[in-house]
There are 2 protein chains.
Amino acid sequence: MERPELPLPQLHAFVVLAEELHFGHAASRLGIAQPPLSQQIRRLEDKVGYALFSREPGRICLTPAGRQLLPAARHALTGLAEGLAAAREVGSGRVGRLRIGFAASLALTVLPSLLRTFRERFPAVDLDIQEMTTTPQLAALRERTIDIGLLREPPAHDTDLGFETVLTEPFVAVLPSSHPVAAQRAVRVEQLADCPFVLLPRAVGPPLYDQIASLCIAAGFTPQVTQHAVEWQTVCALVETGLGVSLAPESIRRIRLKGVAFRRIEPNAARTRVAVAWRKNDSNPLVPHLLAALDQDPPDRP
Amino acid sequence: MERPELPLPQLHAFVVLAEELHFGHAASRLGIAQPPLSQQIRRLEDKVGYALFSREPGRICLTPAGRQLLPAARHALTGLAEGLAAAREVGSGRVGRLRIGFAASLALTVLPSLLRTFRERFPAVDLDIQEMTTTPQLAALRERTIDIGLLREPPAHDTDLGFETVLTEPFVAVLPSSHPVAAQRAVRVEQLADCPFVLLPRAVGPPLYDQIASLCIAAGFTPQVTQHAVEWQTVCALVETGLGVSLAPESIRRIRLKGVAFRRIEPNAARTRVAVAWRKNDSNPLVPHLLAALDQDPPDRP
DNA sequence: TGGAGTGATATCTCTAAGCGTATGGAGCGC
DNA sequence: GCGCTCCATACGCTTAGAGATATCACTCCA
């Protein structure tokens with residue numbers, strides 16, 4: 001790539017003159033006097049090395065060299081104008097692309113309203129939404145394969161990633177409707193001591209898993225996890241078939257399944273945090289835009 | 001078409017930096033110090049209104065806005081460089097297009113050697129060659145549908161068109177071989193007084209026609225034109241079949257036809273001029289190039 | 001903790017571009 | 001022949017841009 005030889009203002013003058021074929025008219029279209037236009041053209045011709053216009057009294061027309069240069073000049077000018085406009089659109093965040101990872105349990109609470117308000121405000125933005133559990137989200141953020149993460153129990157501090165709590169929610173017991181404890185409006189954790197448990201694998205989100213486990217331990221028992229499932233949807237299905245019970249964030253109440261009951265637990269102290277995560281140094285203007293949308297638009301309550 | 005907002009030198013710096021992603025390296029590739037490069041980029045970012053690079057210690061990368069602008073900048077730069085190079089090629093006359101009209105009788109003398117030497121010198125030039133009689137050539141030159149004319153008996157002066165004599169040639173008598181006069185090495189025009197004549201229509205080239213007619217008148221008779229043909233080739237064919245005799249420029253000797261004899265005429269005073277014609281104000285550099293080739297390369301003798 | 005590396009900033013200089021006004025000069029038509 | 005149109009030229013002014021050097025701020029690493 002060599003250094004540019006022809007300045008754009010002169011090319012602009014050239015294109016306009018090529019359209020008008022009249023120095024006076026072209027000059028007024030350019031908003032300048034006629035002599036400066038003559039100079040511009042002359043300078044351009046000096047740089048090209050050949051005449052671009054043939055001036056005959058009465059009429060003026062392009063030389064072959066000028067005809068050859070014209071399309072390149074026009075393309076450069078229009079291309080740059082369009083590119084600049086597009087870059088400004090992207091820079092302002094009116095258009096662009098945002099890749100969002102989200103935990104499946106948020107598909108029914110945080111995500112819908114967030115997407116609704118964001119789409120409303122930035123209809124031209126491409127949103128790439130993909131479901132991911134917490135740990136892969138953190139990796140994907142670092143690898144720049146997603147720009148925004150919606151996850152549970154974020155790490156407290158991180159040098160590269162920023163976190164902000166979207167909501168905190170209590171836990172509920174997930175029981176088969178036929179389970180005797182399901183008859184109560186609220187259950188105590190220790191009532192589940194003898195039940196087999198269905199949970200997400202610890203690797204999917206260690207902090208959440210540990211939080212659930214410590215709920216049980218605080219109630220005086222270690223949960224007997226007889227079954228794992230990577231999605232809450234599946235957990236509920238397994239509970240329905242009577243394979244066990246579970247403790248889960250309140251969000252999953254939204255999974256309405258006949259034969260599954262959700263019950264408040266008591267005491268109701270422990271809460272799980274849902275957070276949004278992003279790269280602190282991300283230059284994408286859509287990231288702050290999304291965070292703003294999240295701030296102003298509280299998620300649907302379960 | 002609006003006035004350009006982004007100067008090319010800054011876009012050049014932008015593209016190079018986008019390739020290097022390192023201010024120091026990019027600056028040295030540009031042949032400048034690092035601080036001026038920082039300034040260039042900063043100015044460009046100011047004009048765009050948004051950051052184009054995100055500077056993090058250790059690595060620097062494009063923002064979405066920068067990624068959006070990059071292809072436009074690159075296209076503008078390369079497009080202009082190519083367009084400029086092409087315009088210079090055309091301006092110098094190394095490449096381009098030249099439309100040439102020629103009289104049929106020159107297809108065997110002037111034209112072949114001219115095309116040979118011109119093609120040799122300017123192999124990249126497109127030559128559009130078309131056969132035209134004299135009068136249409138002059139019209140085509142004025143209408144700019146041809147750039148060069150090769151014709152007979154050009155008008156003496158013209159405000160718009162230039163003429164230069166390529167060669168002058170004597171007239172020859174065209175006779176059937178069986179004609180008694182064909183036995184002589186040279187014929188006197190008055191020997192043809194009683195023969196029917198085959199000639200080109202006067203409209204094709206009035207000066208040439210008039211010249212031939214006046215040859216006869218000078219010999220004391222008015223030619224009895226019994227047959228017209230628009231090409232010399234056809235004239236010869238008609239002469240062969242015995243339809244008449246003709247007087248023609250010596251060039252047509254090249255039309256070798258059994259049964260047709262060409263004989264020098266005496267006295268051998270009258271000559272016909274072959275000339276090249278062009279628009280005086282033509283800006284195509286190939287026109288002077290062709291004239292130069294014509295000057296340096298005398299046509300084949302018949 | 002100090003030095004290397006990297007980029008930003010401050011300041012200065014100089015040139016070339018860009019524009020305006022005034023003027024010159026060639027064609028063209030009345 | 002005179003005036004008009006149209007483009008070129010001359011001259012002066014102003015400013016943006018591009019460059020250099022010197023220096024600062026930050027990070028990272030030994």
Side-chain angles (χ1 to χ4, degrees), chain A residues 1-48 51-63 66 73 77 159-160 280-281 283, chain B residues 2-48 51-63 66 73 77 80 158-160 279-281 283:
Chain A
M1 176 119 351
E2 300 85 29
R3 96 172 3 199
E5 294 186 60
L6 310 179
L8 283 186
Q10 290 174 17
L11 289 168
H12 183 211
F14 166 61
V15 170
V16 171
L17 180 57
E19 282 166 6
E20 298 289 334
L21 292 179
H22 186 289
F23 277 76
H25 300 167
S28 73
R29 237 186 77 183
L30 289 164
I32 62 175
Q34 168 264 318
L37 175 59
S38 285
Q39 282 188 9
Q40 299 269 55
I41 299 300
R42 194 177 180 332
R43 266 200 280 268
L44 187 62
E45 286 176 325
D46 284 348
K47 281 176 188 152
V48 172
L52 299 172
F53 294 96
S54 90
R55 289 88 155 159
E56 313 155 29
R59 80 151 161 279
I60 164 176
C61 59
L62 281 166
T63 63
L77 288 166
T159 46
D160 300 328
K280 283 178 185 168
N281 60 23
S283 56
Chain B
E2 299 84 30
R3 92 170 8 196
E5 294 186 60
L6 310 180
L8 282 187
Q10 291 174 15
L11 288 168
H12 183 212
F14 166 61
V15 170
V16 171
L17 180 57
E19 281 165 8
E20 298 289 333
L21 291 179
H22 186 288
F23 277 75
H25 300 166
S28 74
R29 237 186 77 184
L30 289 164
I32 61 174
Q34 169 262 318
L37 175 59
S38 285
Q39 281 188 9
Q40 300 267 54
I41 299 300
R42 193 175 181 331
R43 266 199 281 267
L44 187 61
E45 287 176 325
D46 284 348
K47 281 176 185 148
V48 172
L52 300 172
F53 294 96
S54 90
R55 288 90 154 158
E56 314 155 28
R59 79 151 161 279
I60 163 177
C61 59
L62 281 165
T63 62
L77 287 166
L80 277 180
D158 194 291
T159 45
D160 300 329
R279 280 183 298 278
K280 283 177 184 168
N281 61 22
S283 55

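In this text the structure is predicted, and so the values were computed from the model without any measurement. Order of the sequence lines fixes the chain letters, A, B, ..., with proteins taken first and strands second; residue numbering starts at 1 for each chain.
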note: B/Leu37, atom CG; C/dT6, atom P; distance rounded to Å ~ 14 Å
Here the distance between atom C1' of C/dA16 and atom CD of A/Gln10, to the nearest Å, is 10 Å
Note to self: Whether B/Ser38 contacts C/dG7 is assessed here as follows: a side-chain N or O lying under 4.0 Å from the phosphate OP1 or OP2. Is that the case?
What the structure shows: no
When rounded to whole Å, the CD to P distance for the pair B/Glu5 and D/dG17 reads 12 Å
ask   = On a plain distance test, is the side chain of B/Gln34 in donor-acceptor contact with the base of C/dA8 below 3.5 Å?
value = yes
5'-most contact on DNA chain C (nearest-nucleotide basis), B/Arg42 vs B/His22, goes to B/His22
Main-chain N/O of B/Gly24 paired to B/Gln34 side chain as donor or acceptor, under 3.5 Å
no
- request: Could you tell me whether the side chain of A/Leu52 reaches within less than 4.5 Å of the side chain of A/Ile41, counting heavy atoms only?
  value: no
Requested in this report: Kindly say if A/Gln40 contacts the phosphate of C/dC19, meaning a side-chain N or O under 4.0 Å from OP1 or OP2.
Outcome: yes
Rounded to whole Å, CG of B/Asp46 lies from P of C/dT9 at a distance of 10 Å
Winner on side-chain proximity to A/Pro35, out of D/dC7, D/dA20, D/dT9, is D/dT9
One should read off an interatomic distance between A/Arg3 CZ and B/Ile32 CD1, to the nearest 0.5 angstrom, of 8.0 Å
Here the distance between atom P of D/dG17 and atom CZ of A/Arg3, to the nearest Å, is 16 Å
Atom CG of A/Leu8 and atom P of D/dA16 are separated, to the nearest Å, by 18 Å
Out of C/dG20, C/dA8, D/dC7, minimum distance to the side chain of B/Arg55 belongs to C/dA8
| Donor-acceptor pair, A/Glu19 side chain versus A/Ala26 backbone, under 3.5 Å? | no
**Asked** Are OP1 or OP2 of D/dG19 and a side-chain N or O of B/Arg43 less than 4.0 angstrom apart?
**Response** no
Exercise for review: Using only side-chain N and O atoms of B/Lys47, determine if any of them is under 4.0 Å from OP1 or OP2 of D/dG17.
Suggested key: yes
A/Leu52 atom CG is separated from D/dA8 atom C1', nearest whole Å, by 16 Å
| query | What about B/Gln39, does its side chain sit under 3.5 Å from the base of C/dT11 through a donor-acceptor pair? | reply | yes
In whole angstroms, the gap separating C1' of D/dC26 from CZ of B/Phe23 amounts to 15 Å
Ignoring hydrogens and angles, tell me if any N or O in the side chain of B/Lys280 forms a donor-acceptor pair with the backbone of B/Asp158 under 3.5 Å. yes
